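Structure, as structure tokens:
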Amino acid sequence: MSLSHLNAQQQEAVRSVEGPLMVVAGPGSGKTRVMTYRIAHLIGIGVPAYRILALTFTNKAANEMKSRIVQLVGEPSRQIRMGTFHSVFARILRTEAEKIGYQRNFSIYDETDVLGVIKDILSSFGISAQQFNPYAIRSRISNAKNQLLSVDEYAQKSLDLFEQKTAIVFREYQQRLKRNNAMDFDDLLLKPIELFRGNTKVLEKYQEYFRFILVDEFQDTNRAQYALIHELACRYKNICVVGDDAQSIYAFRGADIRNILDFQRDYPETKIIRLEQNYRCTGTILSAADHLIKHNPDQIAKDLWTQNPGGDLITVLDCRDDRDEGETIVTRIFEQLQRLKLDLKDVAIMYRTNSQSRSLEDALRKNSVPYTIVGGVEFYQRKEVKDVLAYLRILVNRQDNDALLRVLNYPARGLGDVAVSRLEAFAGEHSLSLADALVRSKEIAGLSKKAREGFHVFSALLEKYSALLPKITASELSRSLVDEIGILRNFKEEGTTEALSRWENVQELLSAISEFTADHEGSGLAEFLEDAALVAAVDDLDENRNAVTLMTLHSAKGLEYPVVFITGLEEGLLPLYTSMIETKELEEERRLCYVGITRAMKKLFFSYARIRYRFGEMTYQSSSRFLEEIPDELVEKSGRQRYTGLPERSVHTPAWRRRSSPDEDSHYHSDVVPDYDHGDEEGERMNVGMHVEHSVFGRGKILAISGQGESLKAVIDFDSVGRKNLLLKYAHLKTL
DNA sequence: ATTAGGCGATTTTTT
DNA sequence: ATCGCCTAAT
């Protein structure tokens, strides 16, 4: 295999196969290419593919890398173990589950599931969720687990009341998961460590197995991940980590930059190779990124350079408000597509928070620009999807009490709190899982007839499908189950737009199951559930679709686009307000901005809005300090020539004035009076006497409008249900 | 005892 | 958008 098209450092990184290696790879320095060739090279010199373990940040990255390697060195290289930490070790845990007291069909709890468990524990312990925020407790527990702290260690260290309560919840939480035969995301890293440390034979097996280990995006690994790879790598020390401290953006999730320092301590013979030549960006873009990141102290010194031409200046778009920002960007997209002869798929719009996507989407939709959005409200988080998944989970893992509780009374079977408590008490007394307790529900004393009936129906359903599970395909089973519980019929009958969308989501889930089992031979429901739990937003990104891509700066990591818009460069947004207090967090925000900048190949835009609607409130924003940190000579300012400052009119402007003709809308620049009371895309154009459509109540007529900003309300006379007083912020009315 | 419906609070980023 | 908490209806 010829490496002649790689530069000297890249070649060295590919060829240094023995011993510990750290590749410090600046953005656009051909990191992925190096990893790909390195693995291909290993196979080329006779290392069997199954002896290679490569850990990536997303499954998508793994799949792409794998296909390229297969192209380079052929089909047998499919045997490489490659994927995210979570998916690779989930697989290993299934094989070894019994050794740590689990069953191989364990459930994986996502963050939402975990939150549910925590809330449930709080209420059963009589701890006030008002006083002790379940989100905060979840994050404390997760942090503790990331730091490899056991419950006992955490309890000992807990000082204040909050930590003491957390320790109590933590203890119960761990027991609960164990009892449910379930693991959370952190367990997928911790349990393998536990397995390896407690079981020398198993450890040796995997150390022999994975003789060559590669870790991508090393700067974003947490302590548990570090410890885990150390267990595997410490014997042969053929470990290569690739990363860039300047692109570390997951400290909030436990990523720990200490890993980079510890690596050199734990593997003293580490060879360090720097990839400093950038092949992606123009000189201007690279220089801007470099100037920005220099404001962070303690970065590993790097001299990034490029042979690429200087290219265009970076354009800063000064926008009146978030809506103007969207419109301006659309205009600029058209301009750049023409100028650079590009497709829509070459353009990405990035933002700090998911909620910013809405005003951007509005503008794109209004101008008929196709777009795809990465993440957002995720499919697998939709209520109806989670409900069906819970049914499947309880079938796969009978001990999964939380999955059972989720759907025990869905659809309604007359089973309320009291009935559930009786069931739980009975299960507790007899040390049974809830599913097993249900089988004996006749023995539970003091149940109403309705509850008795409900338990019986649900239990019969469960037993029927449990028996079917090994006999029919995953696809047949889920379809039949969904039919039997009748939710599709219910959604159809309800007939509202919302119910219809739920109907579609359930159908889509069923298709996803068919598709998955068709694509993955020998896999069934259990495998599907694992896959569904561990998919990342970007995993679903289809680059071939010709559409503008919208995503968070976090999701953008590892990607590149000819034209990039980074939006919302405002104090309090980028950097995000909550992050401006602690320097550490401010530095992370800066790195996040750095990641965004370095995604751009040819042309970069920054935008900010002087007025932005956040949480329904109008706020005056000032431009981000990060813009100040980029030298003026790299930047051209554009957008509004004159800043007129305050809104020219109050939010009480009569609604009729706010109706702008389509013509005005598409040239939404300096002259047109903007809409200051936003609320909803549609919200600002509401007017007394207008006919509207609501997703649940159907058609109606507006009788009155009151309030402003966040609390803008309308009294609407609906054809179906009569008068309602609705908050426009949530009503999502369509004008007719 | 259970359900339906209203109201307010919650959304930073995510494997 | 969804969840928890409350009240009223059944």
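As the structure is a prediction and not an experimental result, all values here were calculated from the model.
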> Between B:dT15 atom P and A:Lys145 atom NZ, what is the distance in whole Å?
Replying inline: 18 Å
>> It should be established whether A:Arg382 places a side-chain nitrogen or oxygen under 4.0 Å from OP1 or OP2 of nucleotide C:dT2.
In response: yes
> Can a cation-pi geometry be assigned to A:Arg94 and A:Phe106, taking NZ or CZ under 6.0 Å from the six-membered ring centre and within 45° of the ring axis?
Replying inline: yes
> Are OP1 or OP2 of B:dT15 and a side-chain N or O of A:Asn146 less than 4.0 angstrom apart?
Replying inline: no
>> In whole Å, I'd like the distance from the CD atom of A:Gln219 to the P atom of B:dT13.
In response: 20 Å
>> Could you tell me how far apart A:Arg590 (CZ) and B:dT12 (P) are, to the nearest whole angstrom?
In response: 22 Å
> Distance-only, no hydrogens or angles: does the A:Asn63 side chain make a donor-acceptor pair with backbone N or O of A:Asn59 under 3.5 Å?
Replying inline: yes
> In chain order, what residues pass the side-chain hydrogen bond (donor to acceptor under 3.5 Å, both in side chains) check against A:Thr112, with sequence neighbours excluded?
Replying inline: A:Gln381
>> Does this structure show an ion pair linking A:Asp322 with A:Arg358, if we count only N-O contacts that are shorter than 4.0 Å?
In response: no
> In chain order, what residues pass the salt bridge (charged side-chain N to carboxylate O under 4.0 Å, His left out) check against A:Glu194, with sequence neighbours excluded?
Replying inline: A:Lys191
> In terms of side-chain heavy atoms of A:His86, which of B:dT15, B:dT12, C:dT2 is nearest?
Replying inline: B:dT15
> Starting at the 5' end of DNA chain B, which residue's closest nucleotide do you reach first, A:Tyr135 or A:Gln225?
Replying inline: A:Tyr135
Distances under 3.5 Å between protein N/O atoms and the N/O atoms of nucleotides 1-3 of chain B, please, pair by pair.
residue	atom	partner	partner atom	Å
B:dT3	OP1	A:Gly414	N	2.8
B:dT3	OP2	A:Asn409	ND2	3.3

> What integer number of Å spans the P atoms of C:dC5 and B:dT11?
Replying inline: 15 Å
>> Distance check needed: B:dT11 P versus A:Arg352 CZ, whole Å only.
In response: 15 Å
> Counting side-chain heavy atoms from CB outward, which of B:dT14, B:dT12, B:dT11 is closest to A:Glu589?
Replying inline: B:dT12
> Which part of the nucleic acid, if any, lies within reach of A:Thr552 when heavy atoms closer than 4.0 Å are counted: base, sugar-phosphate only, or nothing?
Replying inline: sugar-phosphate
>> If the threshold is 4.0 Å, N to carboxylate O, is there a salt bridge linking A:Arg138 and A:Asp184?
In response: no
> Rounding to a whole Å, what distance do you find between A:Glu585:CD and B:dT12:C1'?
Replying inline: 10 Å
> Once you round it to whole Å, what is the distance between C1' of B:dT10 and CG of A:Asn354?
Replying inline: 15 Å
> Roughly how many Å is it from CG in A:Asp387 to P in C:dC3, rounded to a whole number?
Replying inline: 8 Å
> Do A:Tyr250 and A:Phe57 make the cut of ring centroids closer than 6.0 angstrom?
Replying inline: yes
> Is the aromatic ring centre of A:Phe57 closer than 5.5 Å to the centre of the six-membered base ring of B:dT15, with the two planes inclined by less than 30°?
Replying inline: no
> Contact class for A:Arg502 vs. all strands (heavy atom < 4.0 Å): base, sugar-phosphate, or nothing?
Replying inline: sugar-phosphate
> What nucleic acid atoms does A:Tyr250 come within less than 4.0 Å of, heavy atoms only: base, sugar-phosphate, or nothing?
Replying inline: sugar-phosphate
> Should the pair A:Phe252 and A:His554 be assigned to parallel (<30°), tilted (30 to 60°) or perpendicular (>60°) ring geometry?
Replying inline: perpendicular
>> B:dT14, OP1 or OP2 - any side-chain N/O from A:Ser555 closer than 4.0 Å?
In response: yes
> Excluding sequence neighbours, so at least two apart, what forms salt bridge (charged side-chain N to carboxylate O under 4.0 Å, His left out) with A:Arg81?
Replying inline: none
>> In this structure, how many angstroms lie between the C1' atom of B:dT11 and the NE2 atom of A:His554, rounded?
In response: 15 Å
>> At a heavy-atom distance below 4.0 Å, what parts of residues 109-118 of chain A sit against DNA chain B?
In response: A:Glu111
> What pairs with A:Tyr135 under ring pair (Phe, Tyr, Trp, His ring centres under 6.0 Å), at least two apart in sequence or on another chain?
Replying inline: none
